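Report on the following structure.
Below, chain A is the first sequence line, B the second, and so on; all start at residue 1. These numbers were taken from a predicted model, which means no experiment stands behind them.
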Number of protein chains: 2
Amino acid sequence: MADAPVRVVVVDDHAMFRSGVRAELASAGAGVVDVLAEAADVDEAVAAVQAHRPDVVLLDVHLPGGGGVEVMRRLAATETRFLALSVSDAAEDVIGTIRGGARGYVTKTITGPELVSAIRRVADGDAVFSPRLAGFVLDAFAGSIEVAAVDEDLDRLTEREREVMRLIARGYAYKEVAKELFISIKTVETHMSNVLRKLQLSSRHELTRWATDRRLL
Amino acid sequence: MADAPVRVVVVDDHAMFRSGVRAELASAGAGVVDVLAEAADVDEAVAAVQAHRPDVVLLDVHLPGGGGVEVMRRLAATETRFLALSVSDAAEDVIGTIRGGARGYVTKTITGPELVSAIRRVADGDAVFSPRLAGFVLDAFAGSIEVAAVDEDLDRLTEREREVMRLIARGYAYKEVAKELFISIKTVETHMSNVLRKLQLSSRHELTRWATDRRLL
DNA sequence: CCCGGGATCAGGGGCGTCCCCGATGGTGCG
DNA sequence: CGCACCATCGGGGACGCCCCTGATCCCGGG
């Protein structure tokens with residue numbers, strides 16, 4: 001337990017959240033986790049890591065300047081380990097981040113002590129996932145061909161079509177989607193028609209199953 | 001690793017499956033897991049456990065004579081530990097079995113070595129769950145009030161209503177449910193109307209989400 | 001400058017969903 | 001026997017879903 005402190009850089013675009021992380025880590029006691037620096041976007045993150053050479057980077061997934069994946073790409077040469085810390089538990093984000101090189105992925109619902117534990121385990125070379133995520137991360141790697149096919153299909157959707165698709169898959173009625181996106185019902189119908197055609201599905205029910213099977217919600 | 005062998009009774013109504021379990025456990029080597037007896041229904045299981053006093057009972061959930069839960073109820077006085085082994089990963093089965101006193105629950109997709117490991121861990125007093133199941137078992141206990149409420153709601157449905165409910169929740173159209181259950185569409189509509197009213201839901205989409213949230217599929 | 005693609009919208013039609021009303025027969029219970 | 005409950009079915013209606021045709025606007029590439 002009384003090893004050398006783990007040296008950490010915290011990357012997140014919300015200052016409030018960075019403060020919270022810093023406070024939680026500090027309350028674990030001095031000499032357990034040492035926050036060397038913080039960063040709020042991709043450029044700052046790269047600079048901070050190159051300057052401080054931390055053991056672990058706590059990395060937000062959604063980050064101005066390209067996201068956490070971009071940070072990892074530009075620091076691929078270093079031997080720093082990345083622990084993704086995100087509000088999202090969508091498969092797109094998780095799989096993408098792991099592929100980008102993260103050694104772990106936990107959601108922001110994590111408690112302070114759990115985070116400390118996760119950081120130490122990543123520093124030791126372990127992979128750490130939130131319990132909910134572990135299962136489908138393994139599934140995704142077991143069936144990685146299928147995941148690739150999904151991404152291909154998903155790429156054929158436009159941004160607007162993806163928005164509509166997500167809401168429909170969650171059970172929104174066309175009317176509700178229209179209100180949510182400030183567009184007409186008819187426009188929603190058009191987008192949905194395109195979505196179903198591009199994904200080769202024939203009803204919103206199949207879409208729901210398609211999306212839940214792939215944890216896109 | 002070289003502790004005393006774990007003494008086991010295998011309970012399952014399929015002889016073929018019992019043979020498979022026995023073979024897999026034997027291939028782990030002599031003196032690791034010792035299969036004392038097999039049983040194919042509730043009465044046999046109770047008798048076998050009382051006769052052999054095993055460390056662990058490998059217990060199928062769906063069993064003629066009342067299911068695995070009944071076996072555990074009638075053996076509650078013993079200090080035997082139960083490891084449920086089932087094809088089902090439905091929440092109803094998992095939660096019910098755990099409540100009945102099982103110390104673990106693994107699905108039949110498990111490999112031989114994993115099963116050996118699971119048996120040893122249960123014998124040592126650990127709780128063992130298939131990765132997919134661990135998450136929602138914990139969820140269920142965290143929100144056990146809600147689970148109780150679910151069961152209460154479910155109990156208010158008749159058998160026929162539950163059948164219809166399951167099919168609808170899986171995305172079947174009324175017409176398809178009718179064909180599947182050899183009844184008229186109108187009857188399906190009546191049942192669905194009752195289901196929605198009893199569960200205080202207002203659409204088949206809410207029903208789908210309700211069911212998937214609780215893993216009733 | 002035209003052409004393609006994306007986003008927006010409209011009308012109309014076929015079918016699915018969900019509700020209202022009502023009806024029949026079976027079954028168990030006091 | 002009367003009564004409650006269940007399963008079964010029907011008509012009809014309001015609205016949702018999905019498709020088709022067709023239209024406008026904007027934007028970027030050849």
Side-chain angles (χ1 to χ4, degrees), chain A residues 66 92 149-214 216-217, chain B residues 66 92 149-214 216-217:
Chain A
E92 301 173 78
V150 167
D151 289 344
E152 220 171 87
D153 281 345
L154 264 184
D155 284 348
R156 301 175 53 199
L157 300 184
T158 67
E159 187 52 46
R160 204 57 162 165
E161 285 164 357
R162 266 193 291 271
E163 289 184 75
V164 172
M165 185 268 287
R166 264 189 280 267
L167 293 174
I168 293 293
R170 285 183 193 175
Y172 282 60
Y174 286 10
K175 191 196 294 181
E176 295 168 332
V177 175
K179 197 172 295 177
E180 185 77 16
L181 300 182
F182 303 105
I183 56 181
S184 136
I185 293 179
K186 281 305 193 175
T187 307
V188 176
E189 291 184 2
T190 302
H191 288 316
M192 260 301 283
S193 190
N194 293 332
V195 168
L196 293 178
R197 184 172 36 75
K198 289 181 179 177
L199 299 181
Q200 296 174 300
L201 302 172
S202 64
S203 76
R204 60 171 303 145
H205 313 306
E206 290 183 14
L207 177 61
T208 300
R209 299 200 63 179
W210 184 88
T212 50
D213 283 352
R214 288 159 184 73
L216 296 180
L217 305 184
Chain B
E92 300 172 79
V150 167
D151 289 345
E152 222 171 87
D153 282 345
L154 263 184
D155 285 346
R156 301 174 54 198
L157 298 184
T158 68
E159 188 52 45
R160 205 58 164 162
E161 286 165 355
R162 267 193 290 272
E163 289 184 74
V164 172
M165 185 268 287
R166 264 189 278 268
L167 292 175
I168 293 294
R170 286 182 194 176
Y172 282 59
Y174 286 9
K175 190 195 295 180
E176 295 168 331
V177 175
K179 197 171 297 177
E180 185 77 15
L181 300 181
F182 303 104
I183 56 181
S184 131
I185 293 180
K186 279 308 204 176
T187 307
V188 176
E189 290 184 6
T190 302
H191 288 316
M192 258 303 282
S193 189
N194 292 334
V195 168
L196 292 178
R197 183 174 36 76
K198 288 181 179 177
L199 298 181
Q200 296 175 301
L201 302 172
S202 63
S203 75
R204 61 172 302 145
H205 313 307
E206 289 183 15
L207 176 61
T208 300
R209 297 201 63 180
W210 183 88
T212 51
D213 282 352
R214 288 158 185 74
L216 296 180
L217 306 184

Minimum heavy-atom separation for I185(A) and A178(A), please, with both atom names. N-CB, 3.8 Å

Using every non-hydrogen atom in the two residues, find where L207(B) and L201(B) come nearest and quote the distance to one decimal. CA-CD1, 3.7 Å

Any donor-acceptor pair under 3.5 Å from [X] side chain to [Y] backbone:
X       : Y       : value
R160(A) : H191(A) : no
R162(B) : L157(B) : yes
R204(B) : A169(B) : no
S193(B) : E189(B) : no

Taken to the nearest 0.5 Å, the spacing of I168(B) CD1 from T208(B) OG1 works out to 8.5 Å

Distance from Q200(B) atom CD to W210(B) atom CH2, nearest 0.5 Å? 11.0 Å

Per-nt protein contacts along nucleotides 24-30 of chain D (heavy atom under 4.0 Å; B base, S backbone sugar-phosphate only, - none) come out as -------

Please write out the pairs of protein N or O atoms and N or O atoms of nucleotides 23-28 of chain C separated by less than 3.5 Å, giving the distance to one decimal.
none

Distance check needed: [N] [atom2] versus [X] [atom1], whole Å only.
X       : N       : atom1 : atom2 : value
E189(B) : dC15(D) : CD    : C1'   : 14 Å
R204(A) : dC18(D) : CZ    : C1'   : 11 Å
L196(B) : dC20(C) : CG    : P     : 11 Å
K198(A) : dC19(D) : NZ    : P     : 14 Å
M192(A) : dT8(C)  : CE    : C1'   : 17 Å
E176(A) : dC15(D) : CD    : P     : 15 Å
E163(A) : dT8(C)  : CD    : C1'   : 14 Å
Y174(A) : dA10(C) : OH    : P     : 16 Å

With a 4.0 Å cut-off, would you call K179(B) and E176(B) a salt bridge? no

Counting only heavy atoms and a strict 4.0 angstrom limit, can you tell me which residues of residues 177-187 of chain B come near DNA chain D? I183(B), S184(B), K186(B), T187(B)

Is there a side-chain polar atom (N or O) of [X] under 4.0 Å from OP1 or OP2 of [N]?
X       : N       : value
H205(B) : dG16(D) : no
H191(B) : dT8(D)  : yes
R160(A) : dT8(C)  : yes
T158(A) : dA7(C)  : yes

Looking at Y172(B), I want to see if its OH is surrounded by more than 12 non-hydrogen atoms of other residues, nucleotides or ligands under 6.0 Å. no

If you pin T190(A) and R197(B) to their nearest nucleotides in DNA chain C, which one's is more 5'? T190(A)

Salt bridge (charged side-chain N to carboxylate O under 4.0 Å, His left out) with E161(B): which of K198(B), R166(B), R197(B)? K198(B)

Does a distance-only test, which skips hydrogens and angles, find a donor-acceptor pair under 3.5 Å between the side chain of S193(A) and the base of dC20(D)? no

Do L167(A) and L181(A) make a side-chain contact, defined as non-hydrogen atoms from C-beta onward lying under 4.5 Å apart? yes

